[in-house]
There are 2 protein chains.
Amino acid sequence: MSPAVRHGAMRAGNLAAVLGELDRRGPLTRAALAEFTGLTKTTVSKLVAYLIDAGMAVESGTVRDGERGRPGVVVRLSGHRVAALGLEINVDYLAGCVVDLSRTVRLLRTQPVDNRAATPEDVIARLRELASALLVDAGELGLSVAGGMVALPGPVDRATGAVHRAPNLGWRDVAVTETLDLPLPVVVDNEANLAALGELWFGSGASLGDFLHVSGEIGIGAGLVVQGELFRGAHGFAGELGHVVVSPEGPACRCGGSGCLERYAGQDALLAPGEDLAGLVARLRGGDAAAAAACERAGSALGVALTSAVNLIDPDTIVLGGIFAPLYGWVSAPAGRAMRERLGQMRRRVPTLVVSRVGADAATLGGAGQVIQRIIADPGAHLVMLDATPSSPAR
Amino acid sequence: MSPAVRHGAMRAGNLAAVLGELDRRGPLTRAALAEFTGLTKTTVSKLVAYLIDAGMAVESGTVRDGERGRPGVVVRLSGHRVAALGLEINVDYLAGCVVDLSRTVRLLRTQPVDNRAATPEDVIARLRELASALLVDAGELGLSVAGGMVALPGPVDRATGAVHRAPNLGWRDVAVTETLDLPLPVVVDNEANLAALGELWFGSGASLGDFLHVSGEIGIGAGLVVQGELFRGAHGFAGELGHVVVSPEGPACRCGGSGCLERYAGQDALLAPGEDLAGLVARLRGGDAAAAAACERAGSALGVALTSAVNLIDPDTIVLGGIFAPLYGWVSAPAGRAMRERLGQMRRRVPTLVVSRVGADAATLGGAGQVIQRIIADPGAHLVMLDATPSSPAR
DNA sequence: ATATTTAGTCCACAACTTAGACTAAATCGG
DNA sequence: CCGATTTAGTCTAAGTTGTGGACTAAATAT
């Protein structure tokens, strides 16, 4: 639980403290870094030298902080060497991206494919091709890709890198990491979880505080971010907002229960038979009363489910993503009304509803961002991997 | 976020690693400690000497681990010097306890009082008397009390030590820590949270994994323990199970909403007018059909609310405490049935329902346990306080 | 031009942990 | 009963990392 602290760990911890400060506060002089971390100037200088040598930081210009005195050399996070790979398998597309250490998106590609029609092996083979092409292109940009993350639409076993069941893909027990077999460390995670992280790093970001990110697709999932970290629950199944009970005597759900949120606000409940999301939005824009009523009903149900979620989890903000992003204008009002009615008297502040600012790539980007996050949290571990590069850090 | 690591922190971290290992695995030899922590025998010896000098550990006998070789000296956590104070203010009683470092309950006292009839100042003055008496008695036992925790029936601001509103007591904006004014560091927390911790350390314990502890009193609260730590939410209001929506069109609730769990399974919904809990249990034992039906209804509603909670939070186990402990035989079956129906198909394992093994003192004990936990997590910080003792540790 | 202020480096030293030699105390085998 | 073997724990010299204060560098103020 509390691992032993050796000298190496002390070093690693301080390296992470410096890099983390650069990540959180932006470019800083060594003097400012010393102030914020509480380390001495000497130590900060040594650590910064190490980071610069590893290609994780660069000096960039000088700035005067006060009125007089020698100007400081500004050090900032560098994206020129270290990067991470984000991949996503979804029902009707594959996607991949490369994000560098400064969380700049360097490459982003999407491939529309009907993955329900293909075998898992074929889908994964196609993803491998996409990933390999991205790795080659990243190499040409001078980037060294330290790790990858695959987003999947279903609960995953993160230890083994396998999906037990992905109902929307029709997959059962597929060993994704193993089959994908890329030449770098790859981890898998749930799409809803990674989409929440995507919103954190590529959307509204830290201004959200602790937030619940609702990613409605066919099912309705949610990712909870607490103190900048995902909350996963004991078995990684936390955030199943779609099966929160809205009305115990409601319509039967595929989960075996009845009156789950999914039956009121899932894609199947909103779209007319054969219709797609764009069609629904067109009808809403055209003033179709039936469509508006369906959204009203879905929004209220969402508000009820979110009320339960807020009572249990107490987030600062709720971000509506997935299909609820384009429908935001029609569902957020009834949802917000339901929440205010039910929560207003007990709490000083009812969580704010906001729309997701990242599009369909939230999970892909979030996955790559998560890898970057881990590098920043432990730069020392990743320096070893980069030792093969020309200018190796001095012992 | 990631504080700088200095030499002192390294020391403190290793001290915590050793003490934590002793807490988790029980008595161990220095050799075993070295193995488990990954530190060398030399370092472990030094740290153990420090802990023994501080009165946090003692040697006790020798045991042979293997077949041959010199027997090791067993070191175990010692409760003879360091202790913590747990206090509780509730509607109809005050309680206090002293728990030592080995989590043995050394003193425990309860005082039945109607606290709704008195002013907050009078209640807190009476609590101060109770606490002072406990501190004196602890001193006579040779214990040095390092800190205290006050459990309150309502949401608290842990930063300032104040309650904003405690509806069951009729309190508004009471600065508890400040008014109590004890000669040791005191923190306040929510009763439901601390009851969950009480179950962790003085009840079924670590075998529960991540668990949700339901503590039904007048309202229905819940504490969520994840990886041995409380989950509090962004503002400390997480776990408000009582206002999870069971049926959106249900009866109006004092919170402004309708169909909250509290209206189906709260004390007011279960007890006949003027009846107390013992009376209800007597009726149930006597086979009263109306009472059984009320419990059946409450149990089902609880199952529905817990279904939502499990979907969102994904715990291993759910512990029923508070009024649900004596009613366990009557409510657990319908609650479990509802959960299995609604969760069975999606999850490999539906969380187990168990009854709380700690009684009414769960919160009082949990509070003291929390203080002990903090001492074990950072023994170095508390050594300073004990430096006044006769044999001060060698530099 | 000189004083003052702030940034960053250098160097001796201090705080830990480590590695491995060494001592202590048990069992095993003859 | 004595020496070989095994395991526990201590001691000492050395290694790694951070610290504190002196020192150098580069700017503004007077």
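When reading the values below, keep in mind they use all heavy atoms of this one structure, side chains included, and skip hydrogens, waters and symmetry mates. Sequence lines set the chain letters: A, B, ... in the order given, protein chains first and strands last, and positions in each chain run from 1. From a predicted model like this one, the values you see are computed outputs, not experimental measurements.
The residue B:V44 sits apart from the nucleic acid: no heavy atom pair falls under 4.0 Å.
Taking every side-chain heavy atom of B:S45 into account, D:dT10 is the closest of D:dT19, C:dT17, D:dT10. Of the candidate nucleotides D:dG18, D:dG9, C:dT17, D:dG18 has the atom nearest to the side chain of A:T43. Candidate nucleotides D:dT10, D:dA29, D:dT6 were compared by shortest atom distance to the side chain of B:R68, and D:dT6 ranks first. When the nucleotides C:dA19, D:dG9, D:dT19 are ranked by their closest atom to the side chain of B:T40, C:dA19 comes out on top.
Within 3.5 Å, a donor on the side chain of B:H7 pairs with an acceptor on the base of D:dT17, or the reverse. Within 3.5 Å, a donor on the side chain of B:T42 pairs with an acceptor on the base of C:dG20, or the reverse. At a cut-off of 3.5 angstrom, the base of D:dA27 holds no donor-acceptor pair with the side chain of A:R70.
Per the geometry, CZ belonging to A:R6 stands 8 Å off P belonging to C:dA19, to the nearest Å. For the pair B:L39 CG and C:dT18 P, the computed distance is 5 Å after rounding to whole Å. In this entry the distance linking CG of A:N14 with C1' of C:dC16 reads 14 Å, nearest Å. Straight-line distance from the CD atom of A:E35 to the C1' atom of C:dG8: 15 Å, rounded to whole Å. Counting to the nearest Å, the P atom of D:dG18 and the NZ atom of A:K41 are 17 Å from each other. As rounded to whole Å, 14 Å separates atom C1' of D:dA8 from atom CG of B:L28. Rounded to an integer number of Å, the gap from B:E59 CD to C:dA24 C1' is 14 Å. Nucleotide D:dG15 holds its P atom 17 Å from the CZ atom of A:R11, rounded to whole Å.
At distances below 3.5 Å, not a single donor-acceptor pair connects side-chain atoms of A:R232 with backbone N or O atoms of A:N193. At least one donor-acceptor pair closer than 3.5 Å links the side chain of B:R106 to the backbone N or O of B:G79.
Side-chain contact between A:V371 and A:L85 is absent, with no heavy atoms from C-beta onward closer than 4.5 Å.
Along DNA chain C, the nucleotide nearest B:T62 and the nucleotide nearest B:M10 are compared for position; the residue whose nucleotide lies closer to the 5' end is B:M10. Where B:K46 and B:R30 meet DNA chain D, the nucleotide closest to each residue was compared, and B:R30 sits on the side nearer the 5' end.
The aromatic rings of A:H7 and B:H7 sit perpendicular to each other, their planes meeting at more than 60°, with 30° as the lower class boundary.
Geometric assessment of B:R11 against the ring of B:Y50 yields a positive cation-pi assignment under the 6.0 Å and 45° thresholds.
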